[in-house]
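Step one of this worksheet: look at the structure below.
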Amino acid sequence: MLQIYNTLTRQKEYFRPIHEGYVGIYVCGPTVYGDAHLGHARPAITFDILYRYLQYLGYKVRYVRNITDVGHLEHDADEGEDKIAKKARIEQLEPMEVVQYYTNRYHHDMEALNVLPPSIEPHASGHIMEQIDFIQKILDQGYAYISDGSVYMDVEKYAKDFHYGILSGRNLNDIVTDTRELDGQNEKKHSYDFALWKKAAPEHIMHWHSPWSEGFPGWHMECSAMGCKYLGEQFDIHGGGMDLMFPHHEAEIAQSCAALGHQTVKYWMHNNMITIAGKKMGKSYNNFITLQQFFNGEHELLSKPFSPMTIRFFILMAHYRSTVDFSSEALEAAEKGLSRLKEAYSRLMTLKPAEKTNIELFDLKEKCNEAMDDDLNTPIVISNLFESAKAINTIYDGKATISSEDLDKLQSTWKTFVVDILGLIMDDTAGSTSNNNAYKGAVNLLLTIRQRAKQNKDWATSDEIRNALTQMGFTIKDKKDGFEWSL
Ligand code: ZN
């Protein structure tokens, strides 16, 4: 039976769904004002695994992952310019053009990583009415106040009746010393109060009517409003990166309790952070490597391009609650591991059954189930697969045999765990056999042209083809009687 670590109770708990009909999951999605990087890939992949595994267990899952397209301000989520409006101003675009452009690119990257699309992908800007209603409820309950057209959560009042800090473990005193003095702070009673609605400054281009002012919702509000709308006032799982635990998720809990009198979420799940060569990702370190840069290798910290499946595999090699440190060397090791797994997979699919099995086969399915049930322990699943690969290679080398029944079982277990649950595409050169043949044919054709150019001493053409293919990630070896290549 599945156990997951609940950040709220700080322990592993057996997963018991609230509703009969479906499991509700809400995950905080991206703020779409730039290209997706590793910080986006990790939660997307972590909760993709949860989504896939719950479906494998037979649950019908309603998976909501939002798009933040308004209200996420530059400083502490609550002060400064709107991130999307700023990008629109600099690029001289309509804010919704920025949103559409980066949403499309985000989808493209997620598809490359084989992250399944969510069941519902609501936009914050499409749910202004729901957010206004939610804020009104908080005001009606007396846990918010209006100040110069903006609405703020009255955290001190809230903390008298509820536990503010229940998720993050912070208390009000810690928060006071943490909070920097910022513009607009004088509108608030206390520095730790956060905005539910902000009155728009004249230069602010994204704004809507509300009972309080022409303005826009605070960032934390969208997830409370959209979570309730699509999953109900109580739902199963809320996920996101650990960096969102405070203030974002703590604020979501406060908003729900203030408006509804109770929490909405049963299990809170947080993936840990990614560091790059031991450092936090940050603009000052120049280590914000976008996913596109990983895929094409165009970043000074990368030795070469890495395929989306290598990135996915690398993330899954660590438990989602551990930190992951990215480096070119670590990715190269993951790439080698993945190709060993792929080799075993393709060998397994071509094995011929014999009369009987004369090699020790452990119960791979049971071991993988056990690991997944233990808070989605993907590294243990992977190590079980490598253990199983040893037996596959022995049979492939003709040193052992496998019965038809055992072979069927082994093939279906590998398909289930590698392809369906870990979501690893085993042939990522192309989608279908005909595509695959066309692609191989095209590379062979280019290399044949290159060979002819070399015979004609046309070094420019020969080098051009070689360099272009190498850039794309191909390894080319010249041989006496032709060439050899791999991706
Ligand atoms: Zn959120």
Side-chain angles (χ1 to χ4, degrees), residues 6-8 24-34 36 39-48 50-51 62-78 82-84 99 102-103 106 110 115 118-128 130-135 138 153 164-168 170 194-198 216-260 263-273 320:
N6 190 349
T7 320
L8 190 68
I25 307 179
Y26 189 97
V27 172
C28 295
T31 304
V32 282
Y33 69 104
H40 295 99
R42 196 168 192 199
I45 290 171
T46 298
F47 296 104
D48 185 51
L50 175 69
Y51 183 32
R62 187 182 298 164
Y63 177 21
V64 180
R65 190 185 66 209
N66 70 301
I67 294 283
T68 295
D69 58 356
V70 64
H72 196 171
L73 306 189
E74 282 185 297
H75 307 294
D76 291 350
D78 207 355
D82 183 291
K83 291 183 178 186
I84 285 153
V99 168
Y102 287 110
T103 303
Y106 178 74
M110 291 304 116
V115 167
S119 333
I120 306 176
E121 192 175 51
H123 286 231
S125 68
H127 296 77
I128 302 293
E130 287 83 352
Q131 299 187 66
I132 289 173
D133 288 349
F134 211 102
I135 296 165
I138 299 175
M153 185 81 187
Y164 188 69
I166 191 168
L167 182 70
S168 60
R170 301 203 191 193
F194 55 88
L196 303 175
W197 184 266
K198 291 277 279 184
F216 55 92
W219 171 41
H220 313 309
M221 185 43 68
E222 60 179 278
C223 295
S224 290
M226 298 190 296
C228 272
K229 179 173 166 104
Y230 295 111
L231 299 172
E233 287 191 4
Q234 279 186 307
F235 61 88
D236 300 288
I237 299 169
H238 193 315
M242 225 166 174
D243 53 334
L244 294 180
M245 215 190 303
F246 189 90
H248 188 55
H249 292 158
E250 196 72 62
E252 273 188 53
I253 292 178
Q255 290 168 163
S256 301
C257 289
L260 310 167
Q263 293 195 36
T264 46
V265 177
K266 187 170 178 188
Y267 307 95
W268 282 89
M269 290 177 76
H270 291 94
N271 62 274
N272 211 322
M273 296 291 98
Y320 75 90

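Whatever order the structure lists them in is the order used to number ligands and atoms, beginning at 1. Please read these numbers as outputs of a predicted model, since none were measured by experiment.
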Problem - Test log, rule side-chain contact (heavy atoms from CB on, under 4.5 Å), inputs Asn272 and Arg42 - result: CA-CA 8 Å; Asn272 211 322; Arg42 196 168 192 199; 3.8 Å; yes
Exercise for the section: Go through the steps for Tyr267 and Leu8 under the test side-chain contact (heavy atoms from CB on, under 4.5 Å), then give the verdict. Expected result: CA-CA 7 Å; Tyr267 307 95; Leu8 190 68; over 6 Å; no
Exercise for the section: Would you confirm whether Arg62, through its side chain, and Leu231, through its main-chain N or O, come within 3.5 Å as a donor-acceptor pair? Expected result: no
Exercise for the section: Compare all side-chain heavy atoms of Tyr26 with those of Asn66 and state whether any distance is below 4.5 angstrom. Expected result: yes
Problem - Total protein N/O/S atoms whose distance from the Zn ion (ligand 1) is less than 2.8 Å - result: 3
List the atom pairs, with distances to 0.1 Å, where a side-chain N or O of residues 241-249 and a protein N or O form a donor-acceptor pair under 3.5 Å, not counting sequence neighbours.
residue: His248; atom: ND1; partner: His220; partner atom: ND1; Å: 2.9
residue: His248; atom: NE2; partner: Glu252; partner atom: OE2; Å: 3.3
residue: His249; atom: ND1; partner: His270; partner atom: NE2; Å: 2.8

Practice task
Under the side-chain contact (heavy atoms from CB on, under 4.5 Å) rule, what do Thr31 and Ile84 come out as? Steps first, then yes or no, please.
Solution key: CA-CA 8 Å; Thr31 304; Ile84 285 153; 4.3 Å; yes
